[in-house]
Amino acid sequence: MTTEVAAETTAPVAPAAARPQGPSVHMRALITWIAIFPLVSVGMLLLGPIMEPWHPVLRALVLTAFVVPTAVYLVVPRLMAGHGALSRKAVERKAVERAARKSA
């Protein structure tokens, strides 16, 4: 049992420079805003005429009941995955450039 644990903990780890870091808090805020703004806009356009006579707090409650789960479970994860893919490509590109400079 001890040898199994030791084998699992000694698995090779990629160097820190080769892995992109997670997005900064500012990038996460921007990604969240990019997800929320269109959802709120579309929600207001679609639900606005129906909810016009309602109290503003009730309108906000209903709108956010649709927008927040949609953003959290569908839109933001896809945007974060896209950001991660772009970050990985940027890290790989920098690694290739660094290797080319070293060999030259």
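This chain uses plain numbering: 1 for the first residue, then up along the sequence. Bear in mind that the values here come from a model prediction, so they are computed numbers and not experimental data.
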Name the atoms and distances for all side-chain donor-acceptor pairs under 3.5 Å in residues 64-73, with sequence neighbours left out.
unit_1, atom_1, unit_2, atom_2, d
T64, OG1, A60, O, 2.8
T64, OG1, L61, O, 3.1
T70, OG1, F66, O, 2.7

Distance-only check: which donor-acceptor pairs under 3.5 Å involve side-chain atoms of residues 74-86, not counting sequence neighbours?
none

Exercise for review: Return the minimal non-hydrogen interatomic distance between S103 and A100, and the atom names on each side.
Suggested key: OG-O, 3.1 Å

Which donor-acceptor pairs under 3.5 Å do side chains of residues 29-46 form with protein atoms, sequence neighbours excluded?
unit_1, atom_1, unit_2, atom_2, d
T32, OG1, R28, O, 2.8
S41, OG, F37, O, 2.9

Exercise for review: Drop me the distance from M51's CE to L63's CG, to the nearest 0.5 angstrom.
Suggested key: 5.5 Å

